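Structure first, then comments.
Chain naming here is simple, since letters A, B, ... match the order of the sequence lines and numbering starts at 1 in each. From a predicted model like this one, the values you see are computed outputs, not experimental measurements.
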Amino acid sequence: MTMSYRRKMDNCGVVIPDSFYPVDSLRQYVHLGTVKNYAKNSSVIIPGEPTNALIIVLEGRIRINLISDDGREVLLYFAGKNCLLGRLFPTEDNIHAVAIENSTICRFTKDNLKEIFRDNEEMPFDILKNYLAKASYFMRQVAEINSYNPTIRILRLIYRLCVLHGKQLENAHEIVIKLSQANIAEITGAHYVTVSRVLNCLKKEKILNKNKDKIIVYDLEKLKLLSEQSTYY
DNA sequence: GCATTAAACATGG
DNA sequence: CCATGTTTAATGC
């Protein structure tokens, strides 16, 4: 693998499990599906609900949880505007989806989709890309968890966020993102106390500073070097 | 090397 | 006020 290819690969990944590959072209077929509104904190998909429709998020934001065997809910991903929820085929998974903003979704049954596909032969490929984006993320996530310690996963997350979404300032990089420490913990699989400790260490070393709606990275190279160690604690 | 626990503190609707 | 998020230290696996 050449360096340029590797760099490209690093830049095309999904860092935060959020919306993956939005399919905005599906919006024009909303009249063929079933639209429904959900208030903030209401359940969009209740556990055990039948899987008989492809869902697109028209507005708002939904948190998709997997219910584990012991009954706890663990984050799978966030679904924002034009994100698809693949609920067309039955699975073993027990999913609970909660609107974290007032949200609007549209459900397409298999028959709805047949009609859409007849009209738009590109549509199946867009939907495939959405599924691929999700599969790629979670495959990579398995490798990530198996390859790096929790503290390093936190550093790697922020580094990749910066490379992918960071805006170059005069003397720093700015990542505009609303991401709580609890969210970082859920995404990386590290404990939230560990996230707090790591972020404070990075702040004391003047490498970065994170607040409610942005992360400022002052020393990206140092962050990269630290993320290549075996641990940071 | 980090999770867990608990308890204190901080922010904001 | 309460809910939610953050910090810190002690202890455990």
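Within residues 173-187 of chain A, no residue has any heavy atom closer than 4.0 Å to DNA chain B.
Between dC2(B) and His191(A), no contact under 4.0 Å exists linking OP1 or OP2 to a side-chain N or O. Side-chain N/O atoms of Ser196(A) include none lying less than 4.0 angstrom from OP1 or OP2 on dT6(C). Contact annotation: Thr194(A) side-chain N/O to dA3(B) OP1/OP2 distance is under 4.0 Å.
Looking at heavy atoms from C-beta onward, Tyr21(A) lies in side-chain contact with Asp126(A) at the 4.5 angstrom threshold.
Nucleotide dC2(B) holds its P atom 12 Å from the OH atom of Tyr232(A), rounded to whole Å. Between the P atom of dT6(C) and the CD1 atom of Ile154(A) lies a distance of 13 Å, rounded to the nearest Å. For Lys210(A) and dT7(C), the NZ to P distance is 9 Å, given to the nearest whole Å. For the pair Asn41(A) CG and dT4(C) C1', the computed distance is 12 Å after rounding to whole Å. Between Asn211(A) atom CG and dT4(C) atom C1' the separation is 17 Å, expressed in whole Å. The interatomic distance linking Lys203(A) (NZ) with dT8(C) (P) rounds to 9 Å, in whole Å. One interatomic measurement links the two molecules: NZ of Lys204(A) to C1' of dT6(C), which rounds to 13 Å at whole-angstrom precision. One interatomic measurement links the two molecules: CZ of Arg153(A) to C1' of dG1(B), which rounds to 12 Å at whole-angstrom precision.
Looking only at distances, a side-chain donor or acceptor of Gln141(A) sits under 3.5 Å from a matching main-chain atom of Ile187(A).
Taking the six-membered ring for Trp, Phe108(A) and Tyr29(A) have ring centres at least 6.0 Å apart.
In this structure, Thr151(A) reaches the sugar-phosphate backbone alone: every heavy-atom distance under 4.0 Å involves primed, P, OP1 or OP2 atoms, never a base. Using a 4.0 Å heavy-atom criterion, one finds that Val195(A) contacts no nucleic acid atom at all.
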Just distance, no hydrogens or angles: give the donor-acceptor pairs under 3.5 Å from side chains in residues 207-215 of chain A, sequence neighbours left out.
from, atom 1, to, atom 2, distance (Å)
Lys210(A), NZ, Leu179(A), O, 2.5
Asn211(A), OD1, Asp213(A), N, 3.0
Asn211(A), OD1, Lys214(A), N, 2.9

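Both Asn149(A) and Lys212(A) sit near DNA chain B, but only Asn149(A) has its closest nucleotide nearer the 5' end. Annotation: of the two residues near DNA chain B, Tyr192(A) and Ile152(A), the 5′-most nearest-nucleotide partner is Ile152(A).
One finds a salt bridge joining Glu144(A) and Arg156(A) here, because a Lys/Arg side-chain nitrogen approaches an Asp/Glu carboxylate oxygen to under 4.0 Å. Using a 4.0 Å cut-off between a side-chain N of Lys or Arg and a carboxylate O of Asp or Glu, Lys81(A) and Asp24(A) do not qualify as a salt bridge.
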> Given Arg107(A) and Glu49(A), is the salt bridge (Lys or Arg N to Asp or Glu O under 4.0 Å) satisfied, shown in steps?
Replying inline: CA-CA 14 Å; Arg107(A) 296 170 191 267; Glu49(A) 178 177 311; 3.3 Å; yes
